[in-house]
A.B. asks: 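My questions all concern the structure below.
Bear in mind that the values here come from a model prediction, so they are computed numbers and not experimental data. All heavy atoms count here, side chains included; hydrogens, waters and symmetry mates do not.
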Amino acid sequence: MSEETTKEKEESKPSISFIEQFIIEDLKEGKNDGRIHTRFPPEPNGYLHIGHAKAICLDFGMAQKFGGKCNLRFDDTNPVKEEVEYIDSIKEDIRWLGFDWEEREFYASDYFGKLFDFAIDLIKRGLAYVDDQPADVISAQKGTLTQPGVISSFRKRSVAENLDLFYRMNEGEFEEGSRVLRAKIDMSSPNMLMRDPIIYRILKSPHHRTGEKWKVYPMYDFAHGQSDYFEGITHSLCTLEFEVHRPLYDWLIDQLKTSDYRPRQIEFNRLNLTYTMMSKRKLLELVLEGKVNGWDDPRMPTLCGLRRRGYTPESIRRFIDLIGYTKFEAINDVLLLEHAVREDLNIRVPRVFGVLDPLKVTITNYPRDKVEEVEIINNPEDESMGKRKVPFCNEVLIEREDFMENPPHKFFRLAPGAEVRLKGAYIIKCDSFRKNEKTGVVEEVFCTYDPATRSGGGTSDKKVKGTLHWVSARHAIDAEVRLYDRLFDHEDPAGQKDDDYRKFLNPDSLKILSDCKLEPSLRFAKPFDKFQFQRLGYFCVDYDSTKDHLVFNRTVSLKDTWAKMKK
RNA sequence: UGACCCAUGGUGUAAUUGGCAACACGUCGGAUUUUGGUUCCGCAGAGUCCUGGUUCGAGCCCAGGUGGGUCAACCA
């Protein structure tokens, strides 16, 4: 084997995350009969965001890679916070991302019966007790980070009494907050979560799935690991903040297990992105306070927001792939996400002409009543996408910033005396222009064209530095275009101790342009159709769009080295 | 003043598990280009938080620091 092929082989070898290494080790050791079974466990209390995408890609990705399965499980143990409306959106987002849980759609509430039985079992084994003290007393008795807790006077309650009380708790005999069920573990554990954690509380709100059946509901710690166990999950992947929960997770599994099978919890770093935040609670605030226009506002990091913005599932998966899984709490540059969409959209979407801020150009030597159809390649990256025809006449519109009366050095666009190519059509030369006397604004530019320079004509080998996009003034269609910028102007808006994140809201995060002109082929564009507006960026039809009123969202601009040079 | 976790170019990750610190993004140059896009080529940028130890050899193992994160909801 030559040195080169060895090198290539090494380079193409994907690096493996610590999680994958754990899984491989477990497989080698023959754990759980060599099964791999994961789960994605959202709480139905909000919309999924790109941070969830990171978890989804891992959970489903590991299952796929090792020939296992991944369940979808709604962690619905708190009826007061959860709503059905979120369930459908969560399912839609997971499917959109490209993953399939097949028939394995589960709910933690499916296990309320089993969980209750397990609680009864713990009570019988002297491992759980009913505590009658109010929340503040229990909390105070928990001790502090440096001091051990105090043992509750109810800890020594008899099994019979505990049993009786717990059943009655569930019959609705007691008020919310009057009693809880606690696991009997260790009040002096250095891990606060092991100090007789509350495992059941009384809640009288109806549950979206079980209705009025239950009056006691399990806490997260008493539901999650057990649900994993009931479903035969082998690897329970979650974010770093659950690390301290792992001893409790394992303790409960130890009480539950009857064979060699046991699920293993592994924690990885949460996704943080610059110039945004992932807290569901804060995202909800933005929606409620009208700082954004709903959960699917294209500035939101939610999956529905990104989808509306024009992101593809492929680009999100690619991004997730690029950032990896570690135990380091990183803050990822949103630039990498933008790179990922550009990379994807570049190869798959057609190029079109759209002028956001039109300036009229009259070609004085082009016959007034003549209209030509010029043929333009849809995507230079992909021949198979074919060509289209675009009408051309003596009046065209160009981007206002593509003309300058007094151009700086290296300005390759239109200026008095300068020549540019109108892409796919002719080379034109600027002879003069007309300004509004009062405002000083340029209102019209007069050019002459060189008939020998028609694209593809081959009768002239004239070259010019600049090529502009354009639309025929007489054929162009109107559109509204929404330009988005980052929602916050601080890299880490939610991480500033002394400042509320609202202080960093970017006032220019949305710019609406209502006077844009597009080439006529866009007339029948449908919501979510994606295009590259030549020289400008990637745009996606918004669902606000109607037959008479086209609306586009800018997904991301093209890289702009000229803009960089100007700075 | 506790327990647990973490620390590698600007950012995010990698390093065949103790053997020449690599990749991506970003940056800067150049070539190509009927998109100042794309593509291609190249430069710069860390000696791996600190101190010590083990070792022929340490980013990796050990000890002690420093810095950061998580944990004291009847939330998940």
Side-chain angles (χ1 to χ4, degrees), chain A residues 10-11 13-17 21 41-43 45 75-78 80-82 108 131 134-135 138-140 142-149 176-182 189-195 198-203 216-217 219-221 223-224 238-247 267 269 274 280-281 322-333 335-340 342-343 346-347 351 376-377 379-381 410-413 420-425 427 453 455-456 463-469 532-537 557-565:
Chain A
E10 276 172 11
E11 276 172 1
K13 188 182 73 184
S15 64
I16 284 181
S17 74
Q21 292 185 32
E43 183 187 14
N45 68 345
D75 223 332
D76 56 350
T77 55
N78 186 352
V80 312
K81 280 175 65 185
E82 294 145 8
D131 196 325
I138 291 179
S139 167
K142 231 166 198 169
T144 66
L145 299 176
T146 52
Q147 291 167 314
E176 283 188 14
S178 64
R179 280 177 173 80
V180 290
L181 184 70
R182 294 229 253 169
S189 168
N191 184 340
M192 301 288 292
L193 281 143
M194 299 297 272
R195 321 242 263 228
I198 293 170
I199 56 178
Y200 261 99
R201 78 291 210 185
I202 301 170
L203 248 28
V216 292
Y217 289 89
M219 297 287 290
Y220 164 83
D221 285 304
H224 199 98
C238 62
T239 47
L240 248 23
E241 65 270 27
F242 291 100
E243 215 154 17
V244 284
H245 290 247
R246 191 171 358 123
E267 311 85 10
N269 62 341
T274 53
K280 262 195 218 173
R281 198 199 84 228
L322 250 17
I323 61 175
Y325 298 87
T326 68
K327 302 192 75 163
F328 175 68
E329 294 204 43
I331 171 149
N332 291 274
D333 200 328
L335 248 42
L336 191 58
L337 213 211
E338 292 177 349
H339 164 77
R342 286 196 188 101
E343 188 179 52
N346 177 49
I347 56 172
R351 270 92 237 227
I376 298 180
I377 290 172
N379 188 346
E381 306 296 317
K410 286 197 168 170
F411 183 78
F412 302 146
R413 309 179 186 184
V420 295
R421 173 173 290 280
L422 294 178
K423 184 164 175 87
I427 290 177
T453 59
S455 288
K463 295 264 185 200
V464 286
K465 284 268 180 125
T467 301
L468 306 185
H469 62 282
Q532 184 195 100
F533 285 10
Q534 198 101 190
R535 299 211 302 136
L536 298 175
S557 67
L558 251 31
K559 277 205 218 163
D560 189 349
T561 53
W562 169 243
K564 224 180 274 172
M565 281 168 72

A.B. asks: A:Tyr220 vs A:His245 aromatic rings, parallel, tilted or perpendicular, using cut-offs 30° and 60°?
C.D. replies: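 It falls in the perpendicular class, over 60°.
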
A.B. asks: Test for a donor-acceptor pair under 3.5 Å between the base of B:rU35 and the side chain of A:Gln532, counting only N and O atoms.
C.D. replies: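 Under the 3.5 Å cut-off, the side chain and the base do form a donor-acceptor pair.
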
A.B. asks: Quick check on RNA chain B: between A:Ala330 and A:Leu336, whose nearest nucleotide comes earlier from the 5' end?
C.D. replies: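 The residue closer to the strand's 5' end, by nearest nucleotide, is A:Ala330.
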
A.B. asks: With syn defined as a glycosidic angle within 90° of 0 and anti as everything else, classify B:rU16.
C.D. replies: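 What B:rU16 shows is an anti base, its glycosidic angle lying more than 90° from 0.
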
A.B. asks: When both hydrogen-bonding distances must be under 3.5 Å and the geometry is Watson-Crick or G-U wobble, what is B:rG2 paired with, if anything?
C.D. replies: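 B:rC71 - that is the nucleotide pairing with B:rG2, both distances being under 3.5 Å.
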
A.B. asks: Is there a donor on the side chain of A:Glu243 or the base of B:rG69 sitting less than 3.5 Å from an acceptor on the other?
C.D. replies: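 Donor-acceptor pair under 3.5 Å: no.
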
A.B. asks: Determine which nucleotide pairs with B:rG36, using a 3.5 Å limit on both distances of a Watson-Crick or G-U wobble pair.
C.D. replies: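 Matched B:rG36 with nothing under the 3.5 Å cut-off.
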
A.B. asks: Heavy atoms under 4.0 Å, any strand shown: does A:Ser189 hit a base, just sugar-phosphate, or nothing?
C.D. replies: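 The residue A:Ser189 makes no contact with any strand.
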
A.B. asks: Using atom names, set out every protein N or O paired with an N or O of nucleotides 27-32 of chain B below 3.5 Å, distance rounded to 0.1 Å.
C.D. replies:
{"residue": "B:rU27", "atom": "OP1", "partner": "A:Lys564", "partner atom": "NZ", "Å": "2.6"}

A.B. asks: Could one point to a donor on the side chain of A:Arg413 or the base of B:rG36 with an acceptor on the other under 3.5 Å away?
C.D. replies: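 Side chain to base: pair present.
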
A.B. asks: In whole angstrom, what separates A:Leu322's CG from B:rG12's P?
C.D. replies: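 Whole-Å distance recorded here is 14 Å.
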
A.B. asks: Identify all pairs in which a protein N or O lies below 3.5 Å from an N or O of nucleotides 41-43 of chain B, and state each distance.
C.D. replies:
none

A.B. asks: Would the base of B:rU34 count as contacting A:Ser455 through its side chain, where contact means a donor and an acceptor less than 3.5 Å apart?
C.D. replies: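 Donor-acceptor pair under 3.5 Å: yes.
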
A.B. asks: Give the rounded distance in Å between these two atoms: CG of A:Leu335 and C1' of B:rC25.
C.D. replies: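 Result: 7 Å.
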
A.B. asks: Just call it for A:Tyr217: base, sugar-phosphate, or nothing, with non-hydrogen atoms closer than 4.0 Å on any strand.
C.D. replies: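 Since no nucleic acid heavy atom lies under 4.0 Å of A:Tyr217, the category is nothing.
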
A.B. asks: Check whether the side chain of A:Arg535 and the base of B:rU35 form a donor-acceptor pair under 3.5 Å.
C.D. replies: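 Not at all, since no donor on one side and acceptor on the other fall under 3.5 Å apart.
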
